[in-house]
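Take a look at the structure set out below.
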Amino acid sequence: KICAELQNKLVFAKWAEVRGKNKTTRRIVAVTSYLVIIVKQSRNKNSMFTPKKKKQRNPGILRLKVVKRYNLLALRSISVFKNNKKQVELQFYKKSPLAFLTPLVGEFIRQIRIAIRLFTYGFPNNRLPGIFGVEDGELLPLPPCKPSDFGPAHGFLHTFSAFSCFYNQRISNEVMRYVTDLHEAGVVEFRLQDCPGIEPKGEIAFSIEPISAALRYNTYFKAISAVHLLKKDILFAICNVLRYNSKISKVTLSQLSEGNITELGEALQYNRNNAVQMIDLSGTRITRGAKVFSQTLHNFPHSLKVLNLNDCNLDGKQLAMIAESLSANYGMSLTIEELDLSNNKFDEQASIALETWLSKAAEYSRLQVLRLANTAQSFSTISTYFHFLSDLQELDLSHSKLDTRGVQILCSSLEKSSTLKRLDVSYCNLSNGHAAAIIQAFTSNKKLQNTNLSIAACELTEMDAEVLAKALSLNINCHTLDMSRNKLKEKGLIGVLQSIVLSATRSLDALILDQTYKNNYLGERVSSALMSVSNSLTCVKSISIAGGFGSVAIPFLKYLESNTSLLELDISNNYMGDAAASAISDMLRNNKTLLRLKCDGNNISPSGWKMILASFMHNRTLVEMDFPWSDYARYSSLPKDKLEELRAVLIDIQRALQTNHSEDGLTERLNPPPMRPLPTFIHPAANLPDKLALGPNPELSSLAAQKINADRKDEEEVSMPCLFDEDFDGAMTDSSTQSEYEEDPSDPQYAPQ
């Protein structure tokens with residue numbers, strides 16, 4: 001019962017003679033899952049498990065009281081006295097030692113070792129307690145232990161529970177269930193944002209300290225992420241993990257309120273055995289620590305696959321330091337496959353630093369993804385080096401100023417590329433034929449396949465539509481074309497659609513035209529042109545006409561009743577009212593191929609949603625339709641019973657979608673796999689060509705080669721093993737001396753770092 005109150009399980013308990021400062025007393029010494037507790041028999045009315053009435057006390061039932069408790073995580077050493085083999089002393093971290101006499105010394109040591117073994121999976125030997133005064137042959141053998149005995153996630157649950165006791169925190173059942181679910185699903189990324197109780201306030205809120213401590217030496221999780229969390233010290237807690245963990249290869253610290261990344265840089269420098277190869281700080285407004293982080297990149301010992309600094313509020317000076325660190329460590333920077341510096345404030349110094357790195361590294365770089373959106377750079381010079389990036393697959397230059405020279409150099413790179421898959425030049429003001437030049441250079445390149453082109457919001461006019469149509473008629477490789485938010489009139493839009501048909505391409509899969517049409521006409525001709533695209537090009541599987549296509553969508557829905565090729569349709573935000581509901585209902589009753597439909601924002605009434613629900617009595621193929629939050633909010637002022645009725649109808653639609661099914665081959669389309677898998681081992685830094693090896697650090701790239709597939713052990717061995725850092729290992733306290741720290745070690749000021 002005492003153990004249950006402490007959220008522990010009893011392992012072993014016996015009477016023993018416990019040595020105090022001045023006397024020896026008879027006590028029960030109990031070994032539990034994570035504690036050693038000293039229990040005495042008490043006559044005090046406030047002692048544990050005393051019957052309410054003394055008259056009802058049964059003979060043989062003890063009234064017990066916990067005198068002291070010690071955390072097994074804080075155990076530093078076990079010593080047996082040579083002159084008295086029945087006396088054992090346990091030394092604890094910042095606690096007075098526990099010494100007691102018992103004829104069962106060997107069994108006590110055995111049970112302590114069994115308990116510790118379960119929650120120290122993955123711990124290095126120098127973080128485990130030492131045993132002194134006992135020869136190896138005198139130790140009682142431990143029972144065999146299988147990997148399954150440690151529980152899910154390589155013993156994480158036991159380690160987390162032990163640290164919860166150490167920090168005097170409640171063991172969170174929500175965290176335990178979450179980790180168990182991750183393990184059963186085979187997920188190796190610990191997403192703190194998905195963990196129930198991570199919110200700073202609430203009944204199930206938990207402290208982050210036990211989780212970060214349990215992850216220090218965990219060998220199961222390969223990635224850790226914290227996205228848009230308000231909890232204080234979340235950045236510090238994750239950096240504390242990175243100081244010790246040698247398995248985590250991906251770190252995501254996105255949209256956090258804290259902006260000091262000094263700890264991150266110091267943690268990666270401190271941990272010589274870190275495996276981090278993917279760093280994502282996107283959306284975290286960096287206020288301090290950019291210099292330390294740059295130094296970390298300067299001395300990074302192995303490859304770095306991903307560096308995402310999108311929207312980190314970096315100024316020109318900070319960006320220049322980061323770009324210079326890439327130039328100072330080509331062994332690392334040549335291995336970068338994804339670099340995102342978008343939405344930061346580049347100045348002339350930062351632009352020159354980035355251009356300097358690209359000018360020397362582009363020829364040898366493995367860069368596949370380069371995002372420089374909204375950086376206020378002039379691409380007239382930097383785009384010169386794009387064609388040297390022989391592995392480049394994605395280029396994002398959106399929200400940038402592309403002048404005529406910049407467009408010419410970009411087109412030259414596009415014509416020569418054999419690897420590019422995605423180009424984003426949206427919000428770039430590509431009028432006066434610039435958009436047409438880019439489209440022709442990109443989509444007519446015979447060396448490219450299944451490309452994705454975004455020219456959204458490029459301020460294209462009706463005059464641009466004609467040259468745009470001519471360029472699109474030459475398309476041979478485009479898979480996804482996004483022309484949204486370019487206001488075209490009926491003639492221009494029809495010309496563009498007809499040119500797509502004339503291209504007779506077999507690669508076009510998705511056509512996005514959101515807010516492209518000026519809805520001043522009846523829309524029949526545009527609808528007919530869309531039908532022609534879908535009829536002539538059966539390869540087109542997705543069409544989006546959200547916003548501004550109210551007069552086009554309804555006749556297009558009628559056409560889809562007999563269509564057998566289209567799989568995805570977006571007609572949201574067209575404000576068509578119940579006319580849209582009627583057309584959607586008729587289409588769903590007859591269409592047998594559509595998988596995904598978006599129709600929110602059309603002012604559909606509760607009666608309209610009932611019509612759509614009734615159509616699922618005939619439809620068995622639609623599997624995804626977003627919950628219509630906009631339309632639901634529009635009717636939020638309805639009487640409570642009517643609003644509840646609308647909610648029930650919308651939920652029934654979602655249930656009907658769950659019972660529908662699609663062909664197995666189409667499931668991956670709706671739920672594509674992640675773009676970049678986690679690294680399975682530490683990749684070495686690049687072998688530097690002579691041209692780059694002549695810099696100030698020619699041997700920098702060899703650092704990682706020394707680490708790959710080697711036993712990554714600490715170079716220094718401490719004289720007495722313990723669970724925590726050597727900085728806290730002082731001299732052994734004499735057993736006859738009372739420690740000045742009598743408080744529980746869960747006190748934060750005594751907690752290990």
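Just so it is clear, the values below take in all heavy atoms, side chains as well, and ignore hydrogens, waters and symmetry mates. Predicted, not measured: the structure shown is a model, and the values here were computed from it.
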Rounding to 0.5 Å, atoms CD (E89) and CZ (R19) come to a distance of 7.5 Å
Requested in this report: Apply the test side-chain hydrogen bond (donor to acceptor under 3.5 Å, both in side chains) to residues Q193 and S225: give CA-CA distance (whole Å), side-chain angles for both, the deciding distance (0.1 Å), then the verdict.
Outcome: CA-CA 7 Å; Q193 64 273 15; S225 65; 3.2 Å; yes
TODO: Please answer whether the main-chain N or O of Q169 pairs with a side-chain N or O of S164 as donor and acceptor at a distance below 3.5 Å.
DONE: no
Open item on the list: Less than 4.5 Å apart, side chain to side chain, heavy atoms only: is that true for P129 and R113?
Closed with: no
4.5 Å side-chain heavy-atom contact, L281 and V251:
no
### Ring centroid separation F166 to Y34 under 6.0 Å
no
Using modelled atom types and a 3.5 Å cut-off, is there a donor and acceptor pairing between side-chain atoms of S282 and backbone atoms of S254?
no
Residues at least two apart in sequence or cross-chain that pass ring pair (Phe, Tyr, Trp, His ring centres under 6.0 Å) with F293, listed by chain then number, are none
If we ignore hydrogens and angles and just use 3.5 Å, is the side chain of H302 paired with the main-chain N or O of N274 as donor and acceptor?
yes
Residues I322 and L297: closest non-hydrogen pair is CG2-CD1, 4.2 Å
Q) Hey, does T120 have a side-chain heavy atom less than 4.5 Å from the side chain of T159? A) no
Margin query: Tell me whether the rings of F190 and F221 are parallel (<30°), tilted (30 to 60°) or perpendicular (>60°).
Written below: perpendicular
Rounding to 0.5 Å, atoms CG (L118) and NZ (K9) come to a distance of 10.0 Å
Heavy-atom closest pair (A226 atom, L256 atom, distance to 0.1 Å) is O-CD2, 3.6 Å
Check your understanding: Do the side chains of R117 and C145 get nearer than 4.5 Å, heavy atoms only?
Key -> yes
Here the gap from D181 atom CG to R177 atom CZ, rounded to the nearest 0.5 Å, amounts to 8.5 Å
Problem set entry | Derivation and outcome, side-chain hydrogen bond (donor to acceptor under 3.5 Å, both in side chains), residues E17 and T24 | CA-CA 6 Å; E17 300 294 329; T24 300; over 6 Å; no
Given the options K68, R27, K40, V18 meets side chain to side chain contact (heavy atoms under 4.5 Å, CB included) only with R27
Got S207 and R170 here, is their nearest side-chain heavy-atom distance under 4.5 Å? no
Rounding to 0.5 Å, atoms CG (L192) and NE2 (H228) come to a distance of 15.0 Å
Side chain proximity check, V39 to V67, heavy atoms < 4.5 angstrom: no
_Donor-acceptor contact present, side-chain N71 to main-chain A74, <3.5 Å_ = no
Audit row: E5, K1, side-chain contact (heavy atoms from CB on, under 4.5 Å) steps and yes/no:
CA-CA 6 Å; E5 283 204 356; K1 290 182 178 179; over 6 Å; no
Do D311 side-chain atoms and G283 backbone N/O form a donor-acceptor pair below 3.5 Å? no
Taking the six-membered ring of Y70 as reference, does the NZ or CZ atom of K95 fall below 6.0 Å from its centre and within a 45° cone about the axis?
yes
Please confirm whether the backbone N or O of N245 pairs with a side-chain atom of N271, one donor and one acceptor, at under 3.5 Å? yes
*Please tell me if the side chains of E266 and R243 come closer than 4.5 Å, counting only heavy atoms from C-beta onward.*
yes
Minimal heavy-atom distance between L72 and A115, with the atoms involved, is CD1-CB, 3.9 Å
Start with the C-alpha distance between I238 and E263, add both sets of side-chain angles, then the distance that settles side-chain contact (heavy atoms from CB on, under 4.5 Å), and finish with yes or no.
CA-CA 9 Å; I238 292 180; E263 288 288 339; over 6 Å; no
- Message: Pair L75, I112 - check side-chain contact (heavy atoms from CB on, under 4.5 Å), show working.
- Response: CA-CA 10 Å; L75 181 61; I112 290 174; 3.9 Å; yes
Practice task
Check whether any side-chain heavy atom of L307 lies under 4.5 Å from a side-chain heavy atom of L309, and answer yes or no.
Solution key: yes
message = Quick check against the 3.5 Å criterion: does N329 have a side-chain atom that pairs as donor or acceptor with the backbone of F300?
response = yes
Here the gap from N8 atom CG to S33 atom OG, rounded to the nearest 0.5 Å, amounts to 5.0 Å
Minimal heavy-atom distance between V105 and T102, with the atoms involved, is CG2-O, 3.2 Å
* Asked: Side chain of T284, backbone of Q255: donor and acceptor closer than 3.5 Å?
  -> yes
Output for pair (S212 OG, F236 CZ), nearest 0.5 Å, gives 8.0 Å
- [ ] For atom NZ of K85, decide whether the heavy atoms of other residues, nucleotides or ligands shown that lie under 6.0 angstrom number more than 12.
- [x] yes
Checklist entry - Does the ring centre of F156 sit less than 6.0 Å away from the ring centre of Y220? => result no
query: Would you find a donor on one side and an acceptor on the other, under 3.5 Å apart, between the side chain of T32 and the backbone of L35?
result: yes
Between E107 and F12, the two heavy atoms sitting closest are CG-CZ, 3.5 Å
Worksheet item: Taking NZ, NE, NH1 and NH2 as the nitrogens, is one of them in E338 or K305 under 4.0 Å from a carboxylate oxygen of the other?
Response: no
- Message: Aromatic contact between F119 and F160, with the criterion being ring centroids under 6.0 Å apart: yes or no?
- Response: no
Using only atom types and a distance under 3.5 Å, with no angle test, would you say the side chain of S249 pairs donor to acceptor with the backbone of K222? yes
(message) I want to check a possible cation-pi pair here: R76 against Y93, using under 6.0 Å from ring centre and within 45° of the ring axis as the test.
(response) no
message = Tell me whether R288 at atom CZ has more than 12 heavy atoms from other residues, nucleotides or ligands lying less than 6.0 Å away.
response = no
| task | Carefully, step by step, assess Q658 and Q654 under the rule side-chain hydrogen bond (donor to acceptor under 3.5 Å, both in side chains). | result | CA-CA 6 Å; Q658 292 177 4; Q654 296 299 318; over 6 Å; no
L139 vs R110, test: side-chain contact (heavy atoms from CB on, under 4.5 Å). Steps then yes/no. CA-CA 7 Å; L139 290 173; R110 178 175 178 269; over 6 Å; no
Nearest heavy-atom contact between A214 and F163 is N-CD1, 4.0 Å
